[in-house]
Amino acid sequence: CKLGSLVFNIAYALSLSRLREALLSHGIILTLPKCGEGDHFEVPRGSVGVARGPPGAGVLVAPEVTYVDDEALLLTAESPTRLVDSIPKVVSAVHACFSALGLRINWEPGKTEAFIVLRGKGAAKLRHKLFSAEPPGVDVDPSCGTSRLRLVHTYKHLGSTLCDNGTCDAESSKRSK
């Protein structure tokens, strides 16, 4: 039914818009410094390219990586601990924004997971703690439909595989076959 696809796309787009606003209000979505008047950004020399502030105040919100109903959110924080601490807030915001329009999150393995790259002071210790649990993950509010968001070392989105160690080994291996 063509109408069903149209309704889904409208609900999904509205959910994403609400989610972006919710994450901005929590200060946990990636923003980038604006360069001039256009919708482009510039990473100042010596900077990590992360800016804080509402859009229009010299920053752009990094766009979601979305294709139909596949979504990847780009988050950043000042420290590894703050990044991990923001994950339950993100999960709650995702659940609230999507369930408000009747959309449910699929929490099955391979469907909704977190792919995190931790850098900075305490990153190695925190990474070990997170990935030594079985299954690796971050505890979240069970009212969201799951009590734990799985963490993964590799992430496949739209056919390409990323590795949390920064290598392309999984992607290279896949393409060489």
Side-chain angles (χ1 to χ4, degrees), residues 1 3-31 61-77 79-119 122-171 173-174:
C1 170
L3 184 58
S5 296
L6 180 62
V7 170
F8 170 80
N9 286 326
I10 291 169
Y12 196 78
L14 186 55
S15 296
L16 289 177
S17 178
R18 290 178 177 178
L19 178 60
R20 186 180 310 113
E21 293 304 315
L23 295 178
L24 276 169
S25 74
H26 287 300
I28 53 177
I29 197 166
L30 180 62
T31 56
V61 175
E64 299 87 9
V65 182
T66 305
Y67 182 77
V68 187
D69 64 347
D70 285 335
E71 176 74 18
L73 299 172
L74 305 172
L75 309 174
T76 187
S79 71
T81 302
R82 283 207 174 167
L83 181 63
V84 172
D85 289 347
S86 72
I87 291 174
K89 293 177 189 172
V90 172
V91 169
S92 291
V94 167
H95 173 72
C97 294
F98 282 78
S99 66
L101 293 171
L103 300 173
R104 287 180 295 161
I105 307 300
N106 183 345
W107 297 106
E108 295 300 314
K111 293 297 185 179
T112 303
E113 299 167 323
F115 172 80
I116 61 173
V117 178
L118 301 174
R119 301 279 188 262
K125 184 177 178 181
L126 183 55
R127 186 179 309 105
H128 177 74
K129 176 184 172 189
L130 292 170
F131 283 97
S132 63
E134 193 53 49
V138 176
D139 292 332
V140 298
D141 183 348
S143 69
C144 294
T146 187
S147 60
R148 192 162 181 81
L149 179 64
R150 273 176 309 284
L151 296 178
V152 295
H153 288 290
T154 59
Y155 171 68
K156 184 176 179 181
H157 188 73
L158 303 179
S160 295
T161 304
L162 302 172
C163 298
D164 64 359
N165 63 6
T167 69
C168 297
D169 294 346
E171 184 69 12
S173 175
K174 180 181 82 174

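Atoms CG and CG, on L19 and L14 in that order, are 11.5 Å from each other to the nearest 0.5 Å. Interatomic distance, CD of E108 versus NZ of K111, reported as 9.5 Å (0.5 Å rounding). Taking OG from S79 and CG from D85, the interatomic distance works out to 7.5 Å, rounded to the nearest 0.5 Å.
Side-chain contact check for D164 versus T154: every heavy-atom pair is 4.5 Å or farther apart. Considering only heavy atoms from C-beta on, I105 stays 4.5 Å or farther from C144 through its side chain. Residues T161 and Y155 form no side-chain contact, since every pair of their non-hydrogen atoms from C-beta on lies 4.5 Å or further apart. A 4.5 Å side-chain heavy-atom check between L130 and I116 finds at least one atom pair inside the cut-off. R150 places a side-chain heavy atom less than 4.5 Å from the side chain of P109. When side chains are defined from C-beta on, L83 does not count as touching P80, because their heavy atoms never get closer than 4.5 Å. Residues V94 and L73 are in side-chain contact: their nearest non-hydrogen atoms beyond the backbone lie under 4.5 Å apart.
The backbone N or O of P142 lies less than 3.5 Å from no partner atom in the side chain of S147, so there is not a single donor-acceptor pair. Between the side chain of S99 and the main chain of H95, a donor-acceptor pair closer than 3.5 Å is present. R127 places a side-chain N or O within 3.5 Å of a backbone atom of L118 that can act as its donor or acceptor partner. A donor-acceptor pair under 3.5 Å links the side-chain atoms of E113 to the main chain of G110, judged by distance alone. Proximity of a side-chain donor or acceptor of S92 to a complementary backbone N or O of K89 within less than 3.5 Å is not detected.
Scanning all heavy atoms of the two residues, the minimum distance from L101 to S15 falls at CD1-OG, 3.4 Å. For D139 against R148, the heavy-atom pair with the smallest separation is OD1-NH1, 2.6 Å. Residues V140 and P88 share a closest heavy-atom pair of CG1-CA, 4.0 Å.
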- May I have the step-by-step check of side-chain contact (heavy atoms from CB on, under 4.5 Å) for R119 and V117, ending in yes or no? CA-CA 7 Å; R119 301 279 188 262; V117 178; 3.3 Å; yes
- Would you please test W107 and V91 for side-chain contact (heavy atoms from CB on, under 4.5 Å) and show each step? CA-CA 11 Å; W107 297 106; V91 169; 3.6 Å; yes
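Centroid-to-centroid, the aromatic rings of H153 and F115 stay 6.0 Å apart or farther.
The aromatic rings of F98 and Y12 lie perpendicular to each other, with more than 60° between the two planes, well past the 30° mark.
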